[in-house]
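Contents: one structure, followed by commentary.
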There are 2 protein chains.
Amino acid sequence: MTQDLALLVNRLEQRRPLAPQDREAVLALPYQIRTIAHARQVVRQGERRGEFYLVLSGLIHQHRILSDGSRQITSLHVQGDILCLEDEKTALKCGVESIGESQVAVIGVAAFDRLFDASASLARAIWAETLAVASHYREWLVNLGRRNARERILHLLCELGVRLEAAGISGRDRYQVPLTQEQIGDITGLTPIHVNRVLQSLGKDGVIRRDRRMIVITDWPQAADMAGFDSSHMQTKVAEARVQPAIWRAA
Amino acid sequence: MTQDLALLVNRLEQRRPLAPQDREAVLALPYQIRTIAHARQVVRQGERRGEFYLVLSGLIHQHRILSDGSRQITSLHVQGDILCLEDEKTALKCGVESIGESQVAVIGVAAFDRLFDASASLARAIWAETLAVASHYREWLVNLGRRNARERILHLLCELGVRLEAAGISGRDRYQVPLTQEQIGDITGLTPIHVNRVLQSLGKDGVIRRDRRMIVITDWPQAADMAGFDSSHMQTKVAEARVQPAIWRAA
DNA sequence: CGTGTATTTGATTCCTCTCAAGTTTAGTGG
DNA sequence: CCACTAAACTTGAGAGGAATCAAATACACG
């Protein structure tokens, strides 16, 4: 189904306008669908595969494992996101893992590379998407560098809300957290134990309410303010091509 | 002088091969040179200028200032680096400041955007450069998320060494640190006081030697190992178009 | 209903920050 | 050439945030 690649077209189109033939070129990309079970790696750190991935459903993260065994999650990806769009010559410096079951479209970089020949506007859209990725890393960088545990976690919760909302999965102030507390720690550079305590403290202070994995952000504007969260760099528009309802397999 | 833009050509060419007419197109970009005095802002956080910058000499950083006044430096740029290559529609979320006196070539995004029409290979090179920027952010992210003060600082010192060497400014294991301890703190997410203590401790343990701003990394491979530093994601080749000697104006 | 994973709790340690000087350095002007 | 000044660097003491170690409890799934 070209239904899958429509997600890619949408994403690129949100960055830069595309001509009809640009859309066609994208939709004509050869790809195959892969289903990844919970906690399974899509690509292992250090591998080189000459392919990249478009998330069709589920949730995927990229991470780096350091020599002491600690792990840093460097990015999260929901439906419509693009993964591992990297220089094909270098081995991947991050592993890619699924949280819950997810589906990706696997696309060869060679075929993708040919898109640059297709049209300049397509090239611009791809470039703009990459700029957005860089910008997103930078936000996380600031989060880790200059915020305390409480702000970091709240910042992540705000971001998750906005992204899940933008993906048409739930509301920004009320959603199932697809992440374990350990994973939240791996994102925010904290230990899972501390994450737990901060989460409890946030609940005690009425900033959030929790029930199992359900998170409710009581006062969104206030929470965003406390976290220094600014969504201006993100996609906030709800994706048009909404596909499946929000079923996060338990992690 | 097209001498200036040769730096840009070099940079792009290190990412992807360029055809002669691609080089011409880049060299034909209209630009003007701006000299920025020490500690002066090139662009203020929140401004929108429709231009980007190619560093001709000196050292420049991008930073975010948070509402509590704390600052996180998100990137450092030496000769040949490209700055503020962003979506022109959004305001800059980071300020840009010079460390010591530096020179940049100011290039309008409109003219730059036209390069995409020139050729696909040029578009690919620009894209590859942006991927490298994203990759670099990610390295810093890991540094902040999962390393302690000592490792973070040592990692930065290793990186500085490699980059200064690649820019033809000094050796990787022996150079003038262009940064104040406060700036090192703003990069590594630490207070300047703690930076000072860690630096002393590194000196006491014989990992580095310091004299004023001069840094000598005693045993480079060992230091890189201690810091978890891996230069594979970086340019390590010494730039061909070496221009001026390493004169860092005192900060 | 048992098993493994995730969450929670408690006690303690320690890394890093904060506050508060003091000291050195580099640059300036008399 | 030396006093002066502002910035950068150092030092010390104390507080606190987050990590570590060690269990206990709750939850999801077969």
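Note: hydrogens, waters and symmetry copies are ignored here, and every other heavy atom, side chains too, is used. Chain naming here is simple, since letters A, B, ... match the order of the sequence lines and numbering starts at 1 in each.
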Subject >> Ion pair A/Arg147/B/Asp68, N-O distance below 4.0 Å >> reply: no
**OP:** Drop me the distance from B/Leu154's CG to B/Met226's CE, to the nearest 0.5 angstrom.
**Re:** 5.5 Å
**OP:** Figure out the CD1/C1' separation between B/Ile184 and D/dC9, and round it to whole Å.
**Re:** 11 Å
Original post:
When the distance from CD of B/Glu182 to P of C/dT18 is rounded to whole Å, what number comes out?
Top reply: 13 Å
Original post:
For the side chain of B/Tyr175 and the backbone of B/Leu157, is there at least one donor-acceptor N/O pair under 3.5 Å apart?
Top reply: yes
Subject >> Rounded (10°) bend between the five-pair end axes of the helix from C/dC1-D/dG30 to C/dG30-D/dC1 >> reply: 40°
Subject >> Between CZ on residue A/Arg64 and CG on residue B/Asp230, distance to nearest 0.5 Å >> reply: 7.5 Å
List, with names and distances, any nitrogen or oxygen atoms from the protein found under 3.5 Å away from nitrogen or oxygen atoms belonging to nucleotides 21-25 of chain C.
none

Original post:
Is A/Gln200 near enough to C/dT7 that one of its side-chain N or O atoms lies under 4.0 angstrom from OP1 or OP2?
Top reply: no
Original post:
Got a donor-acceptor pair under 3.5 Å from the side chain of B/Arg197 to the base of D/dG12?
Top reply: yes
Original post:
Over how many whole Å does the gap from B/Gln181 atom CD to C/dA26 atom P extend?
Top reply: 13 Å
Original post:
What's the spacing between A/Asp81 CG and A/Tyr53 OH if we round to 0.5 Å?
Top reply: 15.5 Å
**OP:** Please report the shortest heavy-atom distance between A/Ile65 and A/Gln45, naming the atom on each side.
**Re:** N-OE1, 2.7 Å
**OP:** Rounded off to whole Å, could you give me the CG-to-P distance for the B/Leu179 and D/dA7 pair?
**Re:** 18 Å
Original post:
In residues 188-195 of chain A, what residues come within less than 4.0 Å of DNA chain D, judged by heavy atoms?
Top reply: A/Gly189, A/Leu190, A/Thr191, A/Ile193, A/His194
Original post:
How many angstroms lie between atom CD of B/Glu97 and atom CD of B/Gln183, to the nearest 0.5 angstrom?
Top reply: 7.0 Å
**OP:** Using a 4.5 Å cut-off on heavy atoms from C-beta on, say whether the side chain of B/Leu76 contacts that of B/Ile187.
**Re:** yes
**OP:** Would you confirm whether B/Arg44, through its side chain, and B/Gly95, through its main-chain N or O, come within 3.5 Å as a donor-acceptor pair?
**Re:** no
Original post:
Expressed in angstrom and rounded to an integer, what is the separation of A/Asp68 atom CG from D/dT20 atom C1'?
Top reply: 14 Å
Original post:
Could you state the CZ-C1' distance from A/Arg213 to D/dC29, rounded to the nearest angstrom?
Top reply: 14 Å
**OP:** Would you mind reading off the distance between A/Arg210 atom CZ and C/dA6 atom C1', rounded to a whole angstrom?
**Re:** 12 Å
Subject >> Any A/Arg150 side-chain nitrogen or oxygen under 4.0 Å from OP1 or OP2 of D/dG17 >> reply: no
**OP:** Take the protein atom CG of B/Asn148 and the nucleotide atom P of D/dT20, then report the distance between them rounded to whole Å.
**Re:** 10 Å
Original post:
About how many Å separate OG of A/Ser135 and NZ of B/Lys93, when rounded to the nearest 0.5 Å?
Top reply: 3.5 Å
Subject >> Gap between atom CD1 of A/Ile215 and atom CZ of A/Arg210 - 0.5 Å precision >> reply: 6.5 Å
